[in-house]
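In what follows, chains carry the letters A, B, and so on, assigned in the order in which the sequence lines appear, proteins first and then strands, with residues in each chain numbered from 1.
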Amino acid sequence: MARMKFLADAERCIECNGCVTACKQEHEVPWGVNRRRVVTLNDGVPGEKSISVACMHCSDAPCMAVCPVDCFYKTTEGVVLHDKDICIGCGYCFYACPFGAPQFPQDGAFGLRGKMDKCTFCAGGPEADFSAAEFTKYGRNRLAEGKLPACAEMCATKALLGGDADVIADIYRDRVLKRGKGAEVWGWGTAYGKPEKQPAAKPGAKS
Amino acid sequence: MRKLLLFAAAVALAGVAAGCGEKATVTVYKQGQYQGKPDKQPWDNDQFKGDKGAWEKAVKARNLGQNEYVRVSGG
């Protein structure tokens, strides 16, 4: 089974924000919520580096660990998703996430913080596939259409790779060998450095 | 002098023993169970009709399509 991951290649990213735009357009993400962002280090200085940042769908996701209402789950493909009907918008996941992925709509009165919104790896959520409820809450379910995340597929320079970990790691390895530099994968160790978190066994189930 | 030594020893003993009563302040971490609605597999829909193999084939084709060294011939 594929383990879905993102890989951001800082050597290739040209800060075009195509991934951000693709995500916004694909899921009709509301104003003020950015499921994906492009971060530039040493902006304006020769040799600046840009990286596309969103939920990395960590192997051992800290957001899952800190959620007080346990609204997170991990699919068999390794995608970290959450149930917005359970989320209370406490923001713990935001503080736990090393990538700043969880987003909170703040368009309500008195600085109201709404339910958490984040990148779904274009895998929708716990609603019927292709339903209006799924689209409204989580966005389009491209994975169920046999497609990969819009951001990665839209990336013009292929700086952002998304998909089966083995395949994208092979693509990146091949790329590094050809260009002879830039083997460091930003965020890869932070997100996938720990062993895969296995779903908790059901009570009474044999191990 | 002897009294002073005894007093010093008592103070030192009290100081050393004070650390013995310390209790662990770190709670035992317990992983919670997902409380939300169940989600279906991506191949359990009208498009793939439960055919996991067909879904994996479609996703793999998209995966490999990201490698422009292979996609663009003569490169």
Side-chain angles (χ1 to χ4, degrees), chain A residues 1-2 4 7 64-77 79 81-87 123-130 134 141-149 152-153 155 157-158 160-168 170-172 174-175 178 197 199-203, chain B residues 6-75:
Chain A
M1 173 49 64
M4 297 301 179
L7 195 154
M64 292 179 80
V66 300
C67 180
V69 291
D70 292 321
C71 74
F72 288 92
Y73 66 102
K74 185 170 254 201
T75 69
T76 47
E77 295 79 46
V79 181
L81 298 174
H82 72 296
D83 187 340
K84 281 194 178 179
D85 294 346
I86 304 285
C87 177
E127 297 286 350
D129 286 355
F130 315 130
E134 185 182 53
N141 192 342
R142 289 172 58 90
L143 213 61
E145 296 171 7
K147 299 172 184 171
L148 293 172
E153 293 209 302
C155 182
T157 60
K158 286 286 161 272
L160 182 65
L161 300 171
D164 187 0
D166 294 339
V167 179
I168 60 169
D170 280 347
I171 293 171
Y172 190 69
D174 189 30
R175 184 184 291 181
K178 281 192 167 65
K197 190 81 181 176
K202 290 176 183 172
Chain B
L6 276 170
F7 179 73
V11 168
L13 191 66
V16 170
C20 298
E22 193 175 342
K23 291 178 182 173
T25 52
V26 179
T27 55
V28 178
Y29 172 73
K30 280 169 71 179
Q31 176 67 51
Q33 291 270 357
Y34 171 57
Q35 299 294 317
K37 285 176 279 190
D39 197 4
K40 289 197 299 182
Q41 301 290 358
W43 51 86
D44 286 334
N45 52 49
D46 291 341
Q47 186 174 339
F48 292 101
K49 297 179 174 58
D51 189 350
K52 186 181 170 185
W55 178 80
E56 285 186 340
K57 196 177 169 187
V59 170
K60 190 172 184 184
R62 291 261 179 173
N63 267 315
L64 294 170
Q66 294 182 101
N67 189 356
E68 74 280 2
Y69 287 117
V70 174
R71 194 177 58 191
V72 182
S73 57

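For A:Tyr172, no part lies near chain B; criterion is any non-hydrogen pair under 4.5 Å. Contact of A:Leu7 with chain B is not made at all, since no heavy-atom distance falls under 4.5 Å. Contacts of B:Gln47 with chain A are made by side-chain atoms alone, with heavy-atom separations under 4.5 Å and no backbone atom involved.
The candidate with the highest count of non-hydrogen atom pairs below 4.5 Å against chain B, out of A:Lys178, A:His82, A:Lys84, is A:Lys178. By number of non-hydrogen pairs under 4.5 angstrom with chain B, the leading residue of A:Cys87, A:Cys67, A:Ala144 is A:Ala144. Note: A:Leu143 leads A:Leu81, A:Leu143, A:Thr75, A:Asn141 in heavy-atom pairs under 4.5 Å with chain B. Chain B forms the most heavy-atom pairs under 4.5 Å with one residue out of A:Cys155, A:Pro68, A:Ala152, A:Gly146, and that residue is A:Gly146.
Across all their heavy atoms, B:Pro38 and A:Pro126 have their closest contact at O-CB, 4.2 Å. The two residues A:Asp129 and B:Asp44 have their closest heavy-atom pair at OD2-O, 4.1 Å.
Residues A:Glu77 and B:Val59 are not in side-chain contact: their nearest non-hydrogen atoms beyond the backbone lie 4.5 Å or more apart.
Judged by distance alone, the side chain of B:Gln66 and the main-chain N or O of A:Gly162 form a donor-acceptor pair under 3.5 Å. Side chain of A:Asp83 to backbone of B:Lys37: a donor-acceptor contact under 3.5 angstrom is found.
Applying the ring pair (Phe, Tyr, Trp, His ring centres under 6.0 Å) criterion to A:Tyr73, with sequence neighbours excluded, gives B:Tyr34. The side chain to side chain donor-acceptor pair (under 3.5 Å) check on B:Gln41 picks up A:Thr76, with sequence neighbours excluded.
Considering NZ of A:Lys158 and OH of B:Tyr69, their distance stands at 13.5 Å, rounded to 0.5 Å. We find the CZ-CD distance between A:Arg175 and B:Glu68 to be 5.0 Å, quoted to the nearest 0.5 Å. We find the CG-CG distance between B:Asn63 and A:Leu161 to be 9.5 Å, quoted to the nearest 0.5 Å.
The environment of NZ in B:Lys60 is sparse: at most 12 heavy-atom neighbours from other residues, nucleotides or ligands sit within 6.0 Å.
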